[in-house]
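Computed from a predicted structure; not experimentally measured. First listed ligand is number 1; within each ligand, the first listed atom is number 1.
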Amino acid sequence: ETGNTTLDVGFVNTASCQSAITYIDGDAGILRYRGYPIDQLAKSSSFLEVSYLLIYGELPTTAELEEFTSRIHRHTMLHEDLKDLLAAFPRDAHPMSVLSAAVSALGTFYQDSLSITDKDQVELSTMRLLAKLPTIAAYAHKKSQGQPTLYPDNRLDLVSNFLRMTFGVPAEDFEVDPIVAKALDQLFILHADHEQNCSTSTVRLVGSGHAHLFASISAGIHALSGPLHGGANSAVLEMLGHIQAGDDDVDTFMNKVKNKEDGVKLMGFGHRVYKNYDPRAAIVKDTAHEVLQKLGVNDPQLEIAMRLEEIALKDDYFVERKLYPNVDFYTGLIYKAMGFPTEMFTVLFAIGRLPGWIAQWREMMEDPATKIGRPRQLYIGEAERQFVGIDKR
Ligand code: SDX
């Protein structure tokens with residue numbers, strides 16, 4: 001053995017785990033949660049119903065959904081000391097950093113629900129996360145605005161409660177816009193799970209060491225913040241803003257992408273699994289037109305996005321590489337029209353993805369057959385060599 005001999009370290013399996021939660025066919029552009037096609041759920045279900053479906057495996061009856069909702073309502077408020085912790089973060093802290101820190105801190109405030117085997121404790125940590133993540137997200141936004149926070153109002157549904165805490169102020173009543181609430185509920189459904197993506201695999205991997213649910217979800221939030229993953233929805237808006245500002249026109253920008261100038265990518269395009277149009281992106285594109293029109297928002301960046309898509313779907317560079325719009329391409333335009341600042345976009349992705357992360361973590365804890373494998377590697381380093389003392393180097 002001389003030089004860099006590549007040592008055979010055994011098989012490299014392609015499936016990191018098995019799971020019964022979400023099915024994706026990347027070539028056909030199919031996505032199903034527990035067997036239900038995503039377009040049917042996006043059209044006819046609610047985010048809370050889909051959260052129940054992902055976690056428990058079945059769509060709830062009316063009674064089951066009411067009970068689930070009432071259990072969540074019991075936990076929407078934060079421990080007052082946790083509120084103080086959030087208040088201590090710098091005003092310009094990125095809300096994704098606040099979110100992951102706060103979720104990690106839940107493990108210190110709620111030590112009565114850290115078990116990974118006690119069913120009651122797993123249920124309690126599940127409810128606490130589903131109920132508190134929207135409150136934490138709203139508080140992070142308020143902190144960045146220098147505004148006072150509002151306590152949750154459990155007379156509202158989860159999404160309306162979140163919108164009121166995010167955009168309402170103590171000095172006046174806040175009417176939730178039903179158009180915004182319905183569209184955000186649908187966007188949360190579209191983000192709720194997606195098989196073994198970067199952040200879900202992170203949640204599983206951290207949980208595979210028997211770390212508790214708060215620790216595993218906090219790690220997943222960090223993974224999601226990356227611009228190639230959940231951070232892409234913000235990066236799309238920055239890209240559209242760059243073009244709108246006239247720094248590059250659409251054709252110049254697309255040539256930069258194709259020439260890989262400065263590593264620039266067409267953000268919101270491409271996918272590790274979908275080599276066809278992301279079924280979620282098709283739904284989001286329709287919702288973008290509908291919401292902007294209903295809200296009376298005329299955003300030139302929507303035209304730019306459609307122009308970029310039109311070019312990409314015909315250009316050999318993108319067609320040969322099977323690059324299509326993914327879920328992040330149009331979502332940012334809707335979030336902006338709703339009034340969210342760009343740095344909150346990935347936080348919205350996290351709120352949507354939370355039930356999927358929880359469902360996948362619970363599946364792994366309940367069924368060892370679905371545990372994630374310890375990743376292996378192909379060793380490409382030095383072959384064995386003998387130590388040489390520093391006086392001889
Ligand atoms: C999400 O996994 C999930 O399910 C994720 C997600 C979920 O719901 O959890 O769907 C959410 O993360 C969606 C993806 C959001 N990210 C972006 O929009 C960022 C831009 N996209 C790329 O970074 C990229 O497409 C990835 C990372 C998403 C996927 O990359 P792949 O499939 O591994 O492709 P690759 O990096 O191996 O690239 C293959 C070729 C390369 O060119 P060549 O070397 O062959 O010449 O395609 C090119 C790449 O340069 N390419 C792009 C491109 N994406 C890939 N070129 C320009 N623009 C792009 N966006």
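When hydrogens are left out, the protein atom nearest atom 4 (O) of ligand 1 is H194 ND1, 2.6 Å; that is the closest non-hydrogen contact. Taking atom 52 (C) of ligand 1 as the reference point, the nearest protein heavy-atom neighbour is L323 CD1, 3.5 Å. From the protein, the heavy atom lying nearest to atom 33 (O) of ligand 1 is R272 NH1, 2.2 Å. With respect to atom 24 (C) of ligand 1, the closest heavy atom belonging to the protein is F269 O, 4.2 Å. Ranking protein heavy atoms by distance to atom 47 (O) of ligand 1, first place goes to R321 CD, 3.5 Å.
Looking at Y324 and E309, their side chains never bring a donor and an acceptor atom within 3.5 Å of each other. In this model, no donor atom of one side chain and acceptor atom of the other lie less than 3.5 Å apart for T370 and D367. A donor and an acceptor atom, one from each side chain of S125 and H212, are nowhere located under 3.5 Å apart.
Residue contacts with ligand 1 leave out Q196, since none of its heavy atoms falls under 4.0 Å from the ligand. Note on ligand 1: Y317 sits in its first shell, one or more heavy atoms being nearer than 4.0 Å. Residue-ligand proximity: V273 is placed with every non-hydrogen atom at 4.0 Å or more from ligand 1. Within the 4.0 Å heavy-atom shell around ligand 1 one does not find K256. At least one heavy atom of K260 sits less than 4.0 Å from an atom of ligand 1. Using a non-hydrogen distance threshold of 4.0 Å, R353 registers as a contact of ligand 1.
Using bins of under 30°, 30° to 60° and over 60° for the plane-to-plane angle, the ring pair F349/H191 lands in the perpendicular bin. Ring orientation note: the planes of Y56 and F68 are nearly perpendicular, at an angle over 60° on the 30°/60° scale. Ring geometry for F345 versus Y335: interplanar angle of 30 to 60°, hence tilted.
Within a 4.0 Å radius of atom 8 (O) of ligand 1, the protein contributes one or more non-hydrogen atoms. Less than 4.0 angstrom separates atom 39 (C) of ligand 1 from none of the non-hydrogen atoms of the protein.
When ring centroids are compared, H194 and Y274 come within the 6.0 Å threshold.
Near N197, meaning under 4.0 Å from one of its heavy atoms, ligand 1 places the atoms 2 (O), 3 (C), 4 (O), 5 (C), 9 (O). Counting the atoms of ligand 1 from 1 in the order shown, those under 4.0 Å from a heavy atom of V257 are 57 (C).
Side chain of S44 to main chain of L41: no donor-acceptor pair is present (N/O by atom type, distance under 3.5 Å, no hydrogens or angles).
With respect to R128 and D112, a salt bridge is recorded, a charged nitrogen being found less than 4.0 Å from a carboxylate O.
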